[in-house]
Amino acid sequence: GHNVPYIQWKLRVDGSWETVDTDFFFKDKTVVVFSLPGAFTPTCSTQQLPGYEDRYQEFLDEGIDDVYCISVNDAYVMNAWAKDLGIEHVKMLPDGNQAFTRNMEQLVDKLREGFGKRSWRYAMIVNNGVIEKMFVEPGKTDDTPEDPYGESSPENVLKYLQENK
């Protein structure tokens, strides 16, 4: 597998800026990451983020150390979204500068909605910074009206983990 992109992440923690690198999130642990087009958007808010939150313990039971949500949004937006949905377990990773998503080759145009460039919807299992398995939604392309959701669902990732112990 490939290594996840090494970038600097800009976080807002208790009212001040913190910069951490990719190792802070990925070194010496196995994590599930899911990435989506935008905070507060319908599928992401009603299904994907709450679904991963609700099943957080199930991921831990399968040997996963943590679960991360990535979106091309800034830290303020990601924090507000997590607060709005009452997220307590899933960690929010803001990729406002698109650096992680671009290096993952998952950046797509969402000009139709006025979003600019955003992440295609995908999930992955990452072990000590190395990508073990990708779950990418079909049909990845710029400015598609489609927003498939299934491959990167928590149910699908859990199923994979359970079948590949």
Side-chain angles (χ1 to χ4, degrees), residues 4-5 9-15 18 20 22 24-26 29-98 100-101 104 106-108 110 112-127 131-140 144-165:
V4 291
W9 300 87
K10 304 288 182 187
L11 310 178
R12 287 292 293 181
V13 182
D14 298 326
E18 279 185 23
V20 299
T22 287
F24 177 82
F25 293 116
F26 293 97
K29 53 181 106 169
T30 302
V31 295
V32 167
V33 180
F34 62 102
S35 188
L36 40 83
F40 293 102
T41 57
T43 302
C44 313
S45 292
T46 59
Q47 298 178 59
Q48 197 162 20
L49 179 53
Y52 276 96
E53 177 75 9
D54 291 345
R55 290 174 179 78
Y56 186 79
Q57 187 58 50
E58 292 176 56
F59 283 104
L60 300 189
D61 294 344
E62 294 301 329
I64 296 299
D65 295 307
D66 220 337
V67 179
Y68 301 150
C69 173
I70 297 178
S71 181
V72 176
N73 290 114
D74 64 69
Y76 290 102
V77 169
M78 293 294 275
N79 290 352
W81 187 35
K83 187 177 174 189
D84 186 62
L85 289 177
I87 301 301
E88 292 174 6
H89 302 297
V90 173
K91 308 274 189 309
M92 310 300 279
L93 276 55
D95 188 29
N97 292 340
Q98 310 168 358
F100 190 88
T101 303
M104 283 294 301
Q106 295 294 331
L107 205 58
V108 291
K110 293 273 181 190
R112 176 191 314 266
E113 295 93 347
F115 280 11
K117 289 190 184 296
R118 294 293 177 98
S119 178
W120 188 249
R121 203 183 289 282
Y122 70 91
M124 60 182 173
I125 299 165
V126 183
N127 184 350
I131 301 166
E132 282 192 357
K133 174 76 176 165
M134 291 278 297
F135 306 85
V136 183
E137 299 296 342
K140 176 174 154 265
T144 173
E146 305 298 316
D147 180 16
Y149 175 59
E151 272 298 308
S152 64
S153 70
E155 295 81 2
N156 193 49
V157 177
L158 273 168
K159 182 166 158 266
Y160 174 85
L161 287 166
Q162 288 156 357
E163 288 171 359
N164 292 273
K165 282 191 167 170

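This structure is a prediction, so every number in the text was calculated from the model and none was measured.
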Taking only distance into account, with no hydrogens and no angle test, what donor-acceptor pairs under 3.5 Å do side-chain atoms of residues 80-96 form with protein atoms, sequence neighbours excluded?
unit_1 : atom_1 : unit_2 : atom_2 : d
W81    : NE1    : S45    : OG     : 2.9
K91    : NZ     : D66    : OD1    : 3.3
K91    : NZ     : D66    : OD2    : 2.9
D95    : OD1    : A99    : N      : 3.1
D95    : OD1    : F100   : N      : 3.1
D95    : OD2    : F100   : N      : 3.4
D95    : OD2    : T101   : N      : 2.8
D95    : OD2    : T101   : OG1    : 2.6

Can I get a per-line list of side-chain donor-acceptor pairs under 3.5 Å for residues 158-165, giving both atom names and the distance, sequence neighbours left out?
unit_1 : atom_1 : unit_2 : atom_2 : d
N164   : ND2    : Y160   : O      : 2.8
K165   : NZ     : E62    : OE1    : 3.4

Side chain to side chain contact (heavy atoms under 4.5 Å, CB included), that's the test. Do W120 and E137 meet it? Break it down for me.
CA-CA 8 Å; W120 188 249; E137 299 296 342; 3.6 Å; yes
Please report the C-alpha distance between V77 and F40 in whole Å, then the side-chain angles of each, then the deciding distance to 0.1 Å, and finally whether the side chain to side chain contact (heavy atoms under 4.5 Å, CB included) criterion is met.
CA-CA 9 Å; V77 169; F40 293 102; 4.3 Å; yes
If you apply the rule side chain to side chain contact (heavy atoms under 4.5 Å, CB included), what do you find for K140 with Y122, and how did you get there?
CA-CA 10 Å; K140 176 174 154 265; Y122 70 91; over 6 Å; no
Checking side chain to side chain donor-acceptor pair (under 3.5 Å) for the pair S119/Q106: CA distance, chi angles, key distance, verdict?
CA-CA 6 Å; S119 178; Q106 295 294 331; 5.8 Å; no
Derivation and outcome, side chain to side chain contact (heavy atoms under 4.5 Å, CB included), residues S71 and L36
CA-CA 5 Å; S71 181; L36 40 83; 3.7 Å; yes
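For the pair T43 and R121, the minimum side-chain heavy-atom distance is below 4.5 Å. Looking only at side-chain heavy atoms (C-beta outward), W9 and I70 come within less than 4.5 Å of each other.
The side-chain hydrogen bond (donor to acceptor under 3.5 Å, both in side chains) test with Q48 is passed by exactly one of S35, S153, S152: S152.
Scored by the ring-ring contact (aromatic ring centres under 6.0 Å, His included) test, Y52 finds F34, F59 as partners (sequence neighbours excluded).
Other residues, nucleotides and ligands contribute over 12 non-hydrogen atoms within 6.0 Å of the CG atom of D61.
In this structure, CD in E132 is found 6.5 Å from CD1 in I125, a value given to the nearest 0.5 Å. From T41, atom OG1 reaches atom CD of E113 across 9.5 Å, with rounding to the nearest 0.5 Å.
Of all the heavy atoms in E151 and V136, the pair that sits closest is CG-O, 3.5 Å. The two residues L107 and K117 come nearest to each other via the heavy atoms CD2-CD, 3.7 Å. When all heavy atoms are compared, the tightest approach of V20 to F25 is CG2-CE1, 3.6 Å. Smallest separation of non-hydrogen atoms from F115 and R118: O-NE, 3.3 Å. The two residues G139 and T144 come nearest to each other via the heavy atoms O-CG2, 4.4 Å. When all heavy atoms are compared, the tightest approach of G38 to C44 is O-SG, 3.5 Å.
One finds a salt bridge joining R55 and E155 here, because a Lys/Arg side-chain nitrogen approaches an Asp/Glu carboxylate oxygen to under 4.0 Å.
The main-chain N or O of T30 is found under 3.5 Å from a side-chain atom of D65 such that the two form a donor-acceptor pair. N79 places a side-chain N or O within donor-acceptor distance of the main-chain N or O of R12, the cut-off being under 3.5 Å.
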